[in-house]
Visitor: 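Sharing a structure here in structure tokens format.
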Number of protein chains: 2
Amino acid sequence: MNTFDATLAQTATAGKRTGRIRQKNEELILSAAAEEFARYGYKGTSMNAIALRAGLPKANLHYYFTNKLGLYVEVMRHILELWDNAFDHLTVDDDPAIALAAYIRTKMEFSRRQPQASKIFAMEVISGCECLSAHFNEDYREWFRGRAAVFQAWSDAGKMDPVDPMHLIFLIWASTQHYADFSDQIRRITGQRRVTRDDFARGTETLTRVILKGCGLQLPG
Amino acid sequence: MNTFDATLAQTATAGKRTGRIRQKNEELILSAAAEEFARYGYKGTSMNAIALRAGLPKANLHYYFTNKLGLYVEVMRHILELWDNAFDHLTVDDDPAIALAAYIRTKMEFSRRQPQASKIFAMEVISGCECLSAHFNEDYREWFRGRAAVFQAWSDAGKMDPVDPMHLIFLIWASTQHYADFSDQIRRITGQRRVTRDDFARGTETLTRVILKGCGLQLPG
DNA sequence: CAAGAAGCTGACCAGTTGCTTAGGTTTTGC
DNA sequence: GCAAAACCTAAGCAACTGGTCAGCTTCTTG
């Protein structure tokens, strides 16, 4: 059992007693922590900065969370819960074009509405996945192979071109998460104050068109 | 003139006198700094960590570089020099399929050989481009529009499908840089010690095939 | 070979880091 | 309405942060 597992179990059991105030403040702290971690990564974020953003004294954070790592792990846990669910909906029986278009749309919506989650995840991976090492275990690899198998089945059935499933998944992940992680580059290129809803719409449309056609699929609807 | 410009000019003029020892040590420090910044970002990296990696006393770093920001800016400058050159080679007169395939290949080679540069850039953008704010100026936007115009011209000439140039560029950047920035996730999914040359080859092949076909282009050669 | 330039670094500084503790206040359940 | 549980936080800890500086050694050059 590594650091991640240990801290996870610890915080999980600690969550038994959920006082009203506790729940409110934990959410407040987690939210502030997410914003800081998304911008500065684990090492670059200070407990003081989180406390200031949350509007609470620093010592209060240590009342609710054992330590900085525990807080970080909890933030990461919240993200991972949402993260993979959307992908689970793709099944062999789906129509590839419709399912793929829906998945791209869902990922883009996620980038638009939860950019912080994507950024924290990105920073964690770039930094070497120290905290996520437990997440990327044999179970995860099994899950990933299952997801890739869906694309493989579609190819084998002649429903789409024979495209390496793993790299196709990377292509989709990279191109959609880009709109969250690199939003600052995008808004500076477009010269806008922020990436607009319209940018996301056009991005979704372009990605869907290029990727689907690139896999030999007809645009649905 | 902002912080970036100021520090840039400062270091540029300071580079006039290039003693033999100076050049050797500056490279040593820049290399060590790049590794640390790539993993922990600007705020998360300490001068001490860089010094340890370089095998030099901390005070020595401050002999060659005015301060932490100056060192960071210098690292970033080295990256930006390489960064955009490959993209400048695409011109309207090129054959779209050949040029695009070559660009994807070049970007993937860059991800394979200079993953640190990509990671530092990614971290900087995720962190809000504070240091790059000077880089993403009107000149840069002009340059970007020029690059996008190439794709637009190809579309207008009927050489490829009418695909939004900006989002196509983002698609290529995201999917290729992914192999550098997210290499740790990839190697954990594949269960390997590191991302292999073969992974890069298959990735390049998949990206080229999907993106070109997705733009209505025939694979060259 | 001498003297000035370049290179080097231990010791130190003020400020910040994550975290603890002791002793308080407020809320809750009976 | 009272005791126990939950909640709160000022003050302070050792370790570390970026950065300075005085005085040293090594190199270069006439």
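Numbers restart at 1 for each chain; the letters A, B, ... are given by sequence-line order, proteins then strands.
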Visitor: Nearest whole angstrom, please: distance from the P of dA6(C) to the CD of Gln23(B).
Guide: 15 Å
Visitor: Whole angstrom is fine here: how far is it from CZ in Phe65(A) over to C1' in dT9(D)?
Guide: 17 Å
Visitor: Would you mind reading off the distance between Lys68(B) atom NZ and dG19(D) atom C1', rounded to a whole angstrom?
Guide: 12 Å
Visitor: Quick check on dG7(C): is either OP1 or OP2 less than 4.0 Å from any side-chain nitrogen or oxygen of Tyr63(B)?
Guide: yes
Visitor: Please report the distance, rounded to the nearest Å, between CG in Asn48(A) and C1' in dT17(C).
Guide: 9 Å
Visitor: Rounded to whole Å, how long is the line connecting atom CE of Met47(B) with atom P of dG19(D)?
Guide: 6 Å
Visitor: Closer to the 5' end of DNA chain C via nearest nucleotide, is it Ser46(A) or Asn60(B)?
Guide: Asn60(B)
Visitor: Check the phosphate of dA6(D) against Tyr64(A), side-chain N and O only, distance under 4.0 Å to OP1 or OP2. Yes or no?
Guide: no
Visitor: Which word best sums up how the rings of Trp143(A) and Phe87(A) line up, parallel for under 30°, tilted for 30 to 60°, or perpendicular for over 60°?
Guide: perpendicular
Visitor: How many Å lie between CG on Leu61(B) and C1' on dT17(D), as a whole number?
Guide: 14 Å
Visitor: Might you point out which heavy atoms bring Phe136(A) and Arg141(A) nearest each other, and give the distance in Å?
Guide: O-NH1, 3.5 Å
Visitor: Do the side chains of Arg202(B) and Glu205(B) get close enough for a salt bridge, i.e. N-O under 4.0 angstrom?
Guide: no
Visitor: Pick the closest DNA chain D nucleotide for Ile21(B) and for Lys58(B) by heavy atoms, then say which residue is nearer the 5' end.
Guide: Lys58(B)
Visitor: Kindly indicate, with the supporting measurements, whether the criterion ring pair (Phe, Tyr, Trp, His ring centres under 6.0 Å) is fulfilled by His167(A) and Phe151(A).
Guide: CA-CA 11 Å; His167(A) 294 285; Phe151(A) 290 96; over 10 Å; no
Visitor: Which residue, Tyr40(B), Phe65(B), Phe37(B), forms the ring-ring contact (aromatic ring centres under 6.0 Å, His included) with Tyr72(B)?
Guide: Phe37(B)
Visitor: Is there a side-chain polar atom (N or O) of Arg20(B) under 4.0 Å from OP1 or OP2 of dC27(D)?
Guide: no
Visitor: Tell me the interatomic distance from Lys24(A), atom NZ, to dC7(D), atom P, rounded to whole angstroms.
Guide: 11 Å
Visitor: Using only side-chain N and O atoms of Arg22(A), determine if any of them is under 4.0 Å from OP1 or OP2 of dC7(D).
Guide: yes
Visitor: Is there a side-chain contact between Asn25(B) and the phosphate of dC8(C), meaning an N or O under 4.0 Å from OP1 or OP2?
Guide: yes
Visitor: What residues from residues 29-44 of chain A pass a heavy-atom cutoff of under 4.0 Å to DNA chain D?
Guide: none
Visitor: Is any side-chain N of the basic residue among Lys43(A) and Glu36(B) closer than 4.0 Å to the acidic one's carboxylate O?
Guide: no
Visitor: Check the distance between dG7(C)'s C1' and Leu56(B)'s CG and give it to me in whole angstrom.
Guide: 11 Å
Visitor: Answer yes when Arg145(B) and Glu142(B) have at least one side-chain N-carboxylate O distance shorter than 4.0 Å, and no when they do not.
Guide: yes
